[in-house]
Each structure stands twice: as structure tokens, then as C-alpha cells.
Chemist: 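Sending over a structure as C-alpha cells; questions will come in a sec.
Sequence lines set the chain letters: A, B, ... in the order given, protein chains first and strands last, and positions in each chain run from 1.
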Amino acid sequence: SKPALSMYRALPDGEIAIEEFERFAMDRLRVLKGIEDLKVKGFRFDQMEPKILELYEQHMGGATSEERHRKDIISHFVLRLAYCSTDDLRRWLLAQECDLFRARFNQMLADEQVPQEFSEELREKLLQVLMSLPGVKATAGMVTADSFYKVPFEQVPDLVASRRVYLQAGFAYVSRDQMSSLVIQPFRAALSKALTVTARRWEVVVAPGEADRLAPMVQSLSRRYLGPDFSNREVDDDKRPKAADIPRLARESFPLCMATMYDALHEKHHLKHDGRLQFRLFLKGIGLPLDQALHFWRTEMAPVTPTEKFTKEYEYGIKHSYGKEGKRTDYTPYTCAKIVSSIPGVDQVHGCPYRTFNQQSLRSALGRLQVSPAKIEEAVGKAAAGHYQLACAAAWEGKHGCSCDSGINHPNQYFEESRKALQ
Amino acid sequence: MAPYPQAGPTGTDFTSVGVQDMMKLYYSRLFPTQEMAKWLAYGNDSKHPQSDPSFFPRREFCFTLDGDIFGGAELAAALKDRCPSKLDIGPVYNVEPQRRAAYQNSAQGFVPVERELVFDIDLTDYDDVRTCGQGGHICTKCWPLMAAAIQILDQGLRRDFGFRHILFVFSGRRGVHCWVCDERARKLSDEQRSAIASYFAVYKGQERGVAKLVLTSDDHPAIARAYALLREAFEERILPQQQLLEEEEVRKAVLAYLPNDAIRSAVRQRWQGVHGSEARWEALKEEVEAEAQALERGKKGWEARAMRRSLKAVVFACAYPRLDMEVSKKMNHLLKAPFCVHPKTGKVCVPVRPEEAYEFDPDTVCTVGGLLNQLNSSGSAAAQGEEPWRATDMGLAVDTFRQCLLDGLQEEVRAGLARKSRAAAAAAEAGLAF
């Protein structure tokens with residue numbers, strides 16, 4: 001039989017490989033971030049429900065129901081560890097987990113629903129109750145056999161006390177929304193409490209012994225970017241861009257942050273260190289091979305940088321980014337999260353322009369990028385509200401004339417989606 | 001005989017005797033100890049194997065004896081011995097109340113296990129809407145307020161909650177008590193009791209001369225049903241008998257429920273040419289309806305509905321039951337037992353039939369003095385073997401008690417014992433320790 005929807009009251013038992021520990025948590029995090037995205041996009045809960053369930057299926061599915069259940073429990077508790085340490089993190093986890101629980105609970109109710117026998121008279125009374133509830137626009141269509149549950153009145157004292165249910169012969173007729181609320185309130189309260197307890201115990205009990213093993217991974221979970229990292233692209237050599245392509249590509253497919261940096265580099269023949277790092281990793285991510293990168297940078301910087309100076313001071317850095325020097329780590333291009341969080345100083349042009357530009361500069365920059373006027377306004381509005389990545393997505397839509405369903409989380413993602421759209 | 005026990009002819013001995021001095025006689029000759037014990041035992045006084053002899057001793061009884069309070073009981077003997085001026089009934093605890101101190105700090109504690117769902121309605125709480133008297137006053141003019149409360153509670157408890165064993169009792173001076181004795185009711189938690197009391201609550205005190213009412217713009221079916229009952233009671237009994245719209249104070253209070261000054265002055269105008277509360281009420285209704293229709297014609301549907309609702313608010317404010325929520329909420333609340341005698345009035349707390357609630361006359365309830373007189377005069381006329389008190393008005397009261405509560409309860413009690421037997425047999429078969 002199917003395990004019931006868990007309310008995560010008991011700690012999981014048994015052993016788990018550290019790889020699973022991390023992977024399960026990341027998959028669940030994808031679901032929760034997806035839920036957050038839906039909310040930021042402004043969907044109502046009932047519109048979100050099917051998408052939430054899809055997301056859950058996609059990332060948390062499993063071959064057997066036991067596997068799914070195990071993954072569900074373990075991933076939830078690992079995320080508790082990762083998201084308990086500050087008030088902001090706790091609030092975030094609570095919000096997303098409650099929405100996830102609500103969607104899954106409603107699905108469970110719908111699955112287990114046994115249609116009731118509804119006489120006309122009963123239907124009328126139920127409609128009367130709905131009409132008496134403040135804030136509810138009651139229509140006859142809301143009273144269907146599968147939208148009400150018949151429970152003994154003892155089980156719903158709050159609803160009885162406030163006369164929010166119809167009572168007959170000792171039974172209360174509870175609507176589906178009321179049913180969810182009844183279960184979700186205690187779920188929320190229990191999880192909220194558990195998170196504060198976990199925070200205290202984590203620091204006292206777990207951290208010292210697990211400092212090397214679990215702590216770093218758990219701590220980084222809350223900051224993790226979850227999309228592809230745009231490194232090690234397996235691309236045919238002849239499909240890779242060349243240095244000569246970059247001006248065109250910048251016009252057609254660079255996100256504002258990179259287009260801005262390209263313009264600055266092209267105009268001033270120089271970028272400061274942080275900008276260089278951000279930009280060259282991006283270029284690596286679009287597939288620019290090392291030799292082309294060296295050529296590009298050398299050419300762009302030539303007017304103010306003699307060749308020997310370039311070789312001595314800048315070539316090393318480029319090769320380093322490609323993993324050909326020093327630690328030989330193949331560095332990954334920066335995500336939007338990372339870029340947004342870096343604030344440029346005077347004379348610097350890195351960071352996220354949706355955050356750093358004022359509205360006027362943003363408007364003219366987007367105009368130069370050939371974004372449609374309506375979308376310019378939308379992007380400016382979203383940027384003003386602090387939704388920088390949504391602003392970038394709006395700009396993408398305004399430039400390509402079609403919608404960007406995936407949202408923008410990475411400059412290279414912007415670029416790839418753009419190339420796809422232009423084919 | 002009249003439907004309710006009436007006070008007998010003024011006897012030479014008893015009606016001039018102090019109430020407390022009659023209590024010994026009352027408890028030895030009149031108080032229906034056997035019926036009360038049978039009620040409160042809920043089947044645990046029988047020889048049935050599943051009957052629990054510790055059940056009745058675990059019930060808390062509180063005797064008030066000229067101000068002193070005792071607890072715990074072997075009921076009959078204790079009553080005769082001590083002749084309390086007041087007898088209160090509490091819950092059934094997990095151990096006998098006398099052993100309370102030993103258990104209070106133990107692991108299991110001293111906790112209530114079951115207790116009837118109870119309600120208490122007192123006419124003192126209606127002082128702002130009755131003109132015939134205040135405080136401890138009660139008469140046939142304000143009794144209809146209690147009758148309406150009885151009927152609304154009775155309907156709600158039966159139809160909405162499915163309870164069947166309900167007893168309404170005159171509380172001896174100025175109100176009624178309600179005892180809901182179904183097993184399901186006895187097992188309710190404090191939270192559930194509180195919820196039921198809230199379900200029936202509409203009146204929540206006064207604010208600036210106007211009642212605070214918990215009413216939504218569209219009625220819950222229970223409220224609609226209560227309103228139908230109330231409206232009739234208000235228009236045909238309460239309003240005429242109280243002549244509510246005679247006094248300026250009450251008139252002002254009633255007008256305060258109307259939505260605006262314009263309608264208020266319109267009504268006052270009409271009232272100048274009208275006499276008597278019934279006529280004034282009709283005039284008020286007409287003005288309100290006329291104004292509502294005018295608003296509708298002016299496409300102000302929402303204001304029209306508010307106008308009509310204000311009439312409803314008046315009826316609810318003047319007549320809807322005002323429960324004492326604290327009494328119902330907690331299992332361990334002590335409530336006066338039926339068939340007690342009120343120490344000041346000597347009146348007996350007799351049961352009231354809901355279907356005859358309006359016919360009950362609080363002025364002619366039998367008194368302990370009257371009953372003792374009846375005993376004297378009818379003693380020799382008693383049938384062979386029958387106890388003398390059954391020929392007095394107490395006999396009638398006890399008949400009502402049996403019909404309203406005791407007889408119906410026996411069925412539930414028998415079914416409960418049978419269920420326990422089946423459970424015990426099943427457990428024995430399954431080899432479980434029992």
C-alpha cells in the first residue's frame with residue numbers, strides 16, 4: 001500500500017551514502033526553487049498546483065514508492081539542516097515546503113475522495129454556508145460531491161465554533177480548502193518549531209564532529225546554483241565561435257551585463273580585474289576556445305597595452321581561467337546569483353546592470369540592445385522591484401519577440417536560449 | 001391537573017417554615033434520589049458484568065451546607081444526613097474525588113473523565129431588554145425569553161449535533177440549565193465544548209448601547225433557522241408582553257440598530273401618531289421596508305440589504321439566547337443539580353419540556369412548602385405500595401424527567417454495555433490481556 005503523505009515528524013533511520021545525501025537535497029531544492037519562481041511570476045496557488053506536482057514528479061520521482069518515500073523524507077531533513085541557520089533561510093524553507101505540502105495534500109485528498117450522496121436540500125444548505133463566509137464569492141458550482149468532506153463535528157472544533165461549516169446530525173461538511181487549512185496549520189507550526197530547534201542543536205551537536213564532512217556541503221546547499229554550469233561544453237570545433245564573431249554575437253545574444261562589458265572593453269580597451277574575470281569566463285562558456293580568447297583580448301586591449309605587457313600581465317590570467325595554468329581548475333562561468341551579488345566600484349562595469357544602473361541608464365542601455373519599448377518598461381519595473389533576473393528575462397523576451405519560459409539564472413543560459421531562438 | 005406542578009393550597013404548617021428547616025424532610029420524603037442515581041450511574045449500577053461499580057463514586061458532588069462545601073458522595077445517605085442547601089454536580093473523575101490530594105501530583109494526575117455538556121441561561125443577562133423587572137426578577141412576561149432560548153438550543157443540539165438525551169431544568173430562580181447526557185456529549189473535550197458554545201453564540205455583550213452581534217450578511221442555516229423561531233416569538237410574545245417600545249430608553253436603543261439618521265427620524269415621525277408596542281413595531285417594519293425598496297430602485301442593492309438586516313439585528317439583540325459561555329467550556333465546572341430547592345424562593349428545580357416551554361409558568365412552580373402540604377393531605381390517599389410523593393406535584397415533575405431523559409437514556413446505556421461485552425469477548429478470543 002502507498003505510504004501516506006509524510007508530515008516529517010520522525011527523523012529518518014538507517015544509513016545513507018554522502019552522495020545520496022547531497023543529490024537528494026539538490027533535487028528537492030530544485031523543486032522548492034521552482035515553487036518560489038512560480039510565486040514570483042505571480043501565479044495564484046490553484047494555478048501553481050499542477051506545475052508544482054509536475055516539478056515534484058520530475059525531480060523527486062523514483063522507481064518504487066518506497067524509494068520515493070525515502071528520498072522525500074531524507075531530502076526534507078537535509079534541507080532542514082541547510083536552511084535552519086538564519087531567520088531568512090528558515091522563512092524561505094517554511095514558505096516553499098508549506099506550498100509543496102499543500103499541493104501534495106490536495107492531490108491526496110482528490111485521489112482518496114469518495115463522492116458523497118448529495119440531496120438537493122443538502123446542496124442548498126452547503127451553498128448557504130458558503131455564502132455566509134466572509135471573503136468567499138460563493139457560486140452553485142462550488143458545491144459538488146467531490147468538494148466536501150463529511151467528518152464528525154468533534155474533529156473540526158474551530159470550524160464549528162465560527163459557524164464555517166454546515167452541521168447535520170453530528171457531522172460537519174468541510175470544504176476541500178478548509179480541510180487543507182486544518183492540516184496545513186499544524187504542519188506549518190511543527191516545521192517552524194522544528195527549524196528553530198534544529199538550528200540550536202546543529203551548532204551544539206552536529207557541527208564540531210562533522211565540520212569536515214557534512215557542514216561545508218550543507219552550508220553551501222543554501223547558496224547553490226542548480227542549473228548547468230556551462231563548462232566543458234562538448235562542441236565541435238567548427239561550431240565554436242571565433243574572436244571575429246564576438247561583435248555580432250554581442251549585438252545578437254549577449255545579456256545586458258556582458259554586452260555592457262563588451263562595450264566598455266571595446267571602447268576603453270581595458271577592463272578592471274573583476275570585470276575581466278566575469279567576462280572571460282562567460283566567453284569561455286559560450287564556447288570560445290583558448291587561442292581565440294587570447295586573440296580577442298590581445299586585439300581589444302592592443303591600443304593601450306603593448307604586446308609584452310599583455311603577455312606578462314594578462315595572458316596568464318586567461319590561460320588560468322581555462323585551466324591551463326596554476327591549479328589547472330576549469331573554472332565555471334559565474335551564475336546570475338554570483339554576478340548580482342558583486343557590486344562594482346567606480347570605473348568598474350561588472351555586476352548586474354539591472355541592479356547597478358539607475359532607471360534612465362537602464363532604459364537607454366536596453367534601447368541600444370534593441371529591446372521593444374513595452375518590454376523595456378517591464379524590465380525596468382522588475383528591476384526596480386528587485387527582481388533582477390526577471391528583468392533580464394523580460395529584456396530577452398523583448399529582444400527575441402517570444403516568451404522565455406525557463407527564466408534567466410545564468411548569462412550563458414541567456415546566450416544559449418538566444419542562439420536557439422535565432423536559428 | 002395543570003400541566004406543571006402548581007403550588008398547593010397554603011397549608012398551616014409548611015409555607016410559613018423557613019426553607020432550610022424543611023430540607024431534612026425534603027431529602028427524606030420528596031427528592032427523587034432513586035431516579036437521580038439511576039440517571040447519573042449511566043448503567044454502572046446494574047449487575048451487568050460490564051458495569052463499573054467505581055463509576056458513580058468517582059462522580060464529584062458538592063454539597064453546600066449553610067456555606068460549607070463538602071465533596072464526594074454516597075448520595076442518598078449523605079443527602080439525608082447533611083441536608084445541603086444546594087447540591088452541585090461535577091464531572092466523573094479518574095479516581096474518587098476524596099482521594100484527589102493523593103493523585104494530583106502523580107503521573108496520572110486527578111483528571112475529569114466524562115461529564116455532561118451543560119448550558120446555563122440567566123435572565124439577569126437580559127436586563128437591558130426587559131421592562132418587567134431587573135436582576136433576580138422573573139415573571140410570565142419575561143419567561144418567553146427563556147422559552148425561546150430552550151427551543152433554539154434544543155433544535156440546534158438535536159438537528160445539528162445529533163444529540164438525543166437532553167434535559168432542560170428550571171434553575172430555581174431566574175433561568176434555565178440544559179444537560180446533554182449522550183455518551184458522545186459526556187466524552188467531549190474542553191475545546192469541543194467551547195466550540196459548541198461558540199456555535200450557539202451570537203450576542204457578545206454591549207458596546208455603546210448597542211449589542212455586539214456575530215452575524216454575517218448572509219446567514220448560516222442554523223442562524224436562519226433560529227431567526228425564524230425568534231421572529232415569531234419576538235412579535236407574538238416578547239414584544240407585546242414587554243411592551244418594549246413604550247419606554248424612551250429602549251426605543252432609543254432599538255433605533256440605534258438602524259443604519260442612518262434619516263430612517264431613524266422617519267420612524268420617530270411615524271411613531272408620533274401610533275400607540276402600543278405592536279403598532280410601533282409594525283410601523284417600524286413598514287418604514288424600513290419602504291426605505292429598502294427605495295434604495296433598490298436607486299440601484300443601491302447593498303444598502304437595501306443592510307437596511308433590512310437591521311431589523312434582524314433588533315430581533316437578535318432583544319431575544320437571541322445569551323449563554324454563559326464559561327459554564328459550558330470546562331468539564332470540571334460544577335452545576336446545580338435538578339430537583340434542588342432554591343434556598344431563597346423554596347422553588348424546586350423542575351424539568352421543562354421544550355415543546356411546552358412557553359406554557360411553563362415560573363410563578364407557579366411547586367415549592368418545597370407546597371409539596372410538603374400536598375404530602376400531608378394526600379398521604380392516606382396514596383395507592384397501595386406507591387411512594388406518597390408520587391401523588392404530589394413532584395410525581396409530575398419526575399414523570400417529565402423520565403420522559404425527557406431517563407427512559408430514552410436507558411436504551412443508549414443498554415447498547416453501551418452490550419458493546420463493551422462484545423469488545424471484551426473479542427479481546428478474550430484474541431488472547432489479549434483484559
Chemist: Kindly check if the number of other-residue, nucleotide or ligand heavy atoms within 6.0 Å of CZ (B:Arg164) is above 12?
Modeler: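 Not buried by this count: 12 neighbours or fewer within 6.0 Å.
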
Chemist: Does CD in B:Glu232 sit with more than 12 non-hydrogen atoms of other residues, nucleotides or ligands closer than 6.0 Å?
Modeler: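 Not more than 12 within 6.0 Å, no.
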
Chemist: If you round to the nearest 0.5 Å, how far is CG of B:Asp218 from CD of A:Gln128?
Modeler: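 The distance works out to 8.5 Å.
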
Chemist: How long is the span from the CG atom in A:Asp158 to the CD atom in B:Glu191, to the nearest 0.5 Å?
Modeler: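 Separation between the atoms: 6.0 Å.
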
Chemist: Let's test your reading of the structure: which of B:Ser189, B:Ser217, B:Ala201 forms the most heavy-atom pairs below 4.5 Å with chain A?
Modeler: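 So the answer, after comparing B:Ser189, B:Ser217, B:Ala201, is B:Ala201.
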
Chemist: Check step by step if side chain to side chain contact (heavy atoms under 4.5 Å, CB included) holds for A:Gln168 and B:Asp160.
Modeler: CA-CA 4 Å; A:Gln168 192 185 64; B:Asp160 299 347; over 6 Å; no

Chemist: Tell me whether A:Lys51 at atom NZ has more than 12 heavy atoms from other residues, nucleotides or ligands lying less than 6.0 Å away.
Modeler: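 No, the 6.0 Å shell around NZ holds no more than 12 heavy atoms from other groups.
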
Chemist: Show your reasoning for whether side chain to side chain contact (heavy atoms under 4.5 Å, CB included) applies to B:Val214 and A:Arg163.
Modeler: CA-CA 10 Å; B:Val214 185; A:Arg163 289 196 294 268; 3.9 Å; yes

Chemist: Tell me, side chain or backbone of B:Ile223 under 4.5 Å from chain A's heavy atoms, or both, or neither?
Modeler: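 The side chain, not the backbone.
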
Chemist: With a 4.5 Å cut-off on heavy-atom pairs, point out which of B:Ala195, B:Ser198, B:Gly156 contacts chain A the most.
Modeler: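 Among the listed options, the one with the most contacts to chain A is B:Ala195.
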
Chemist: So, B:His220 side chain and A:Val165 main chain: donor-acceptor pair closer than 3.5 Å or not?
Modeler: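 Checked: pair present.
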
Chemist: May I ask you to check whether over 12 heavy atoms, not counting those of B:Glu355, lie within 6.0 Å of atom CD?
Modeler: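 Yes, the 6.0 Å shell around CD holds more than 12 heavy atoms from other groups.
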
Chemist: Decide if atom NZ of B:Lys212 counts as having more than 12 heavy atoms of other residues, nucleotides or ligands within a radius under 6.0 Å.
Modeler: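 Yes, because the 6.0 Å sphere around NZ of B:Lys212 holds more than 12 heavy atoms from other groups.
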
Chemist: Mark yes or no for whether B:Arg159, through its side chain, and A:Leu167, through its backbone, hold a donor-acceptor pair below 3.5 Å.
Modeler: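 A pair under 3.5 Å: no.
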
Chemist: Show your reasoning for whether side chain to side chain contact (heavy atoms under 4.5 Å, CB included) applies to A:Ser132 and B:Asp219.
Modeler: CA-CA 5 Å; A:Ser132 77; B:Asp219 291 334; 6.0 Å; no

Chemist: Tell me, yes or no, whether the heavy-atom count around A:Gln47 atom CD, taken from other residues, nucleotides or ligands under 6.0 Å, exceeds 12.
Modeler: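 Yes, the 6.0 Å shell around CD holds more than 12 heavy atoms from other groups.
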
Chemist: Is B:Lys187 salt-bridged to A:Glu154, going by a charged N under 4.0 Å from an acidic O?
Modeler: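 A:Glu154 and B:Lys187: not salt-bridged.
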
Chemist: Hey, what's the ring geometry for A:Phe153 with B:Phe161, parallel, tilted or perpendicular (30° and 60° as the breaks)?
Modeler: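 A:Phe153 vs B:Phe161 ring planes: perpendicular.
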
Chemist: Below 4.5 Å from any heavy atom of chain A, which atoms of B:Ala224 appear? Answer side chain, backbone, both or neither.
Modeler: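 Only the side chain of B:Ala224 comes within 4.5 Å of chain A.
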
Chemist: So with a 6.0 Å cut-off around CD of B:Glu411, is the heavy-atom count from everything else above 12?
Modeler: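 No, because the 6.0 Å sphere around CD of B:Glu411 holds 12 heavy atoms or fewer from other groups.
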
